[in-house]
Trainee: 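This is the structure I have questions about; it appears just below.
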Number of protein chains: 2
Amino acid sequence: MQTVSDPRCICCLRGILPTISRKWAICIISLLGHSGQMRFNEIVEHCGHISPKTLSEILKDLLDAGLVERKSFHEIPPRVEYSLTEDGKSLREALVPLLKWAKDRNQRYNYSLFASCLQAPDP
Amino acid sequence: MQTVSDPRCICCLRGILPTISRKWAICIISLLGHSGQMRFNEIVEHCGHISPKTLSEILKDLLDAGLVERKSFHEIPPRVEYSLTEDGKSLREALVPLLKWAKDRNQRYNYSLFASCLQAPDP
DNA sequence: CCGTATCCAGCGGGATACTG
DNA sequence: CAGTATCCCGCTGGATACGG
């Protein structure tokens, strides 16, 4: 058993887990964090196989959760840019140990899961 | 864009995400980490509303992933105990920053999601 | 006690076509 | 360009009954 005071108590996650465990969600957070801001179709292109319906749903989830910000420039053709809120950025940082764990683990097991990686250089 | 060298590159998660994002998975990892070892029906009782079929599936996932260990004592009636492997334990620790982030965030938004918490004291 | 077998409902996500 | 509308499929997870 565990109490709320235990730093490893998982109950705090209940609210946000359905959002961030959705397919593509962490990917998009990572992408936005890295690029600063992106347009709808930019995200589509970088994800590769996400349908517009799915992307629109997930962005809505992330917007509602306050993790992502949406800026609409009232132009024609329309331009909309998505970026991380401060909350989203801190989430991204909070995920680092998990990513590190996964990376170490992959190497230990000689997994080669990197083929599907996004490959452009850091800015 | 991002590279594999970026500690925030999410591609490493691809292998494990389907496993740990399943309903109950993180809960069970947290539970086992806290109790040391648990029997099948103990887990059921602590989760409250998990069906045996679901639990058995998730345990299988976690076993295959090498996060959980299964010890069967060949007795009658049967006794089986589940516990975290070293890998599972390190995953649990890697989740701490995420949990901390979620906790801070809940407090910031005055969420009261703690009602559903596991409530026995720490050992 | 520790599961598996079976059946079923809901929904997450893909493909595609369409609109403002 | 930035989505929405529709349709459809497969998977996940619940309930229940049963087996070793």
Trainee: So, are B/E81 and B/R79 salt-bridged, with charged N and O less than 4.0 Å apart?
Mentor: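 A salt bridge links B/E81 with B/R79.
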
Trainee: Among C/dG13, D/dA2, C/dG3, find the nucleotide with the atom closest to the side chain of A/V80.
Mentor: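 Output: D/dA2.
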
Trainee: Assign A/F73 to base, sugar-phosphate, or nothing according to its heavy-atom contacts below 4.0 angstrom with the strands shown.
Mentor: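 No contact.
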
Trainee: Rounded to the nearest Å, what distance is computed from the CD atom of residue A/E81 to the P atom of nucleotide D/dC1?
Mentor: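 A/E81 atom CD is separated from D/dC1 atom P by 14 Å.
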
Trainee: Heavy-atom nearest nucleotide on DNA chain C for A/P78 versus A/R22: which residue maps closer to 5'?
Mentor: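 The 5'-side residue here is A/R22.
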
Trainee: Which heavy atom of B/G88 sits nearest a heavy atom of B/I29, and at what distance?
Mentor: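 That closest heavy-atom pairing would be O-CG2, 4.3 Å.
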
Trainee: Flag the pair A/E86 and A/K89 as a salt bridge only when some basic side-chain nitrogen lies within less than 4.0 angstrom of an acidic carboxylate oxygen.
Mentor: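 A/K89 and A/E86: salt-bridged.
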
Trainee: Output the rounded distance in Å from CD (A/E75) to C1' (C/dG20).
Mentor: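 The distance from CD of A/E75 to C1' of C/dG20 comes to 16 Å, rounded to the nearest Å.
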
Trainee: Measure from the side-chain N and O atoms of A/E93 to the backbone N and O of A/S90, and report whether any donor-acceptor pair falls under 3.5 Å.
Mentor: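 Such a contact is absent between A/E93 side chain and A/S90 backbone.
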
Trainee: Let's see if you can work this out: which of C/dT4, D/dG13, C/dG3 has an atom nearest to the side-chain heavy atoms of B/T54?
Mentor: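 Comparing C/dT4, D/dG13, C/dG3 against the side chain of B/T54, the answer is D/dG13.
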
Trainee: Could you tell me the separation between the CZ atom of B/R79 and the P atom of C/dC1, rounded to a whole number of Å?
Mentor: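 Spelled out: CZ on B/R79 to P on C/dC1 is 13 Å.
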
Trainee: In a check of side chain to side chain contact (heavy atoms under 4.5 Å, CB included) between A/N41 and each of A/M38, A/R39, A/E45, which one passes?
Mentor: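 That would be A/E45.
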
Trainee: Is any side-chain N or O of A/S56 closer than 4.0 Å to OP1 or OP2 of D/dT4?
Mentor: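 A/S56 to D/dT4 OP1/OP2: side-chain N or O found under 4.0 Å.
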
Trainee: Would you mind telling me which of D/dA2, C/dT16, C/dG3 lies closest to the side-chain atoms of A/P52?
Mentor: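 The closest nucleotide is C/dT16.
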
Trainee: Would you indicate, yes or no, if D/dG13 has its OP1 or OP2 atom less than 4.0 angstrom from a side-chain nitrogen or oxygen of B/S51?
Mentor: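 Indeed not, no polar side-chain atom of B/S51 lies that close.
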
Trainee: Which nucleotide in the set D/dA15, D/dG3, D/dC1 lies at the smallest distance from any side-chain heavy atom of A/N41?
Mentor: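 Of D/dA15, D/dG3, D/dC1, D/dC1 is nearest to the side chain of A/N41.
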
Trainee: Of the non-hydrogen atoms in B/P52 and B/F40, which two are nearest, and what is the gap between them?
Mentor: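 For B/P52 versus B/F40, the nearest heavy atoms are O-CZ, 3.7 Å.
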
Trainee: Of all the choices, D/dG3, C/dG3, C/dG13, which nucleotide is nearest to the side chain of B/R70 once you look at every atom?
Mentor: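 It is C/dG3.
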
Trainee: Give the nucleotide from the list D/dG14, C/dG14, D/dT4 with an atom nearest to the side chain of B/K23.
Mentor: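 From the listed options, D/dG14 comes nearest.
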
Trainee: Over how many whole Å does the gap from B/I58 atom CD1 to D/dC11 atom C1' extend?
Mentor: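 Rounded to the whole Å, the gap is 13 Å.
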
Trainee: Starting at CH2 of A/W24 and ending at C1' of C/dG14, how long is that distance when rounded to a whole Å?
Mentor: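 Nearest whole value for this atom pair: 11 Å.
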
Trainee: Whole angstroms only, please: what is the CD-P distance between B/E45 and C/dC1?
Mentor: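 Answer to the nearest Å: 9 Å.
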
Trainee: Classify the side chain of A/K53 and the base of C/dG13 as holding, or not holding, a donor-acceptor pair under 3.5 Å.
Mentor: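 Indeed there is one.
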
Trainee: Mind calculating the distance between CD1 (A/I28) and P (C/dG12) to the nearest angstrom?
Mentor: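 About 15 Å, once rounded to whole Å.
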
Trainee: Nearest whole Å is fine: how far is C/dA15 P from A/H49 NE2?
Mentor: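 For the pair A/H49 NE2 and C/dA15 P, the rounded distance is 9 Å.
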
Trainee: Below 4.0 angstrom from OP1 or OP2 of C/dC1, is there any side-chain N or O of B/R39?
Mentor: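 For C/dC1, OP1/OP2 do not have a side-chain N/O of B/R39 under 4.0 Å.
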
Trainee: I want to check one thing: is the phosphate of D/dC1, taken as OP1 and OP2, less than 4.0 Å away from some side-chain N or O of A/Y82?
Mentor: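 Answer no for this pair, as no side-chain N or O of A/Y82 is under 4.0 Å from OP1 or OP2.
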
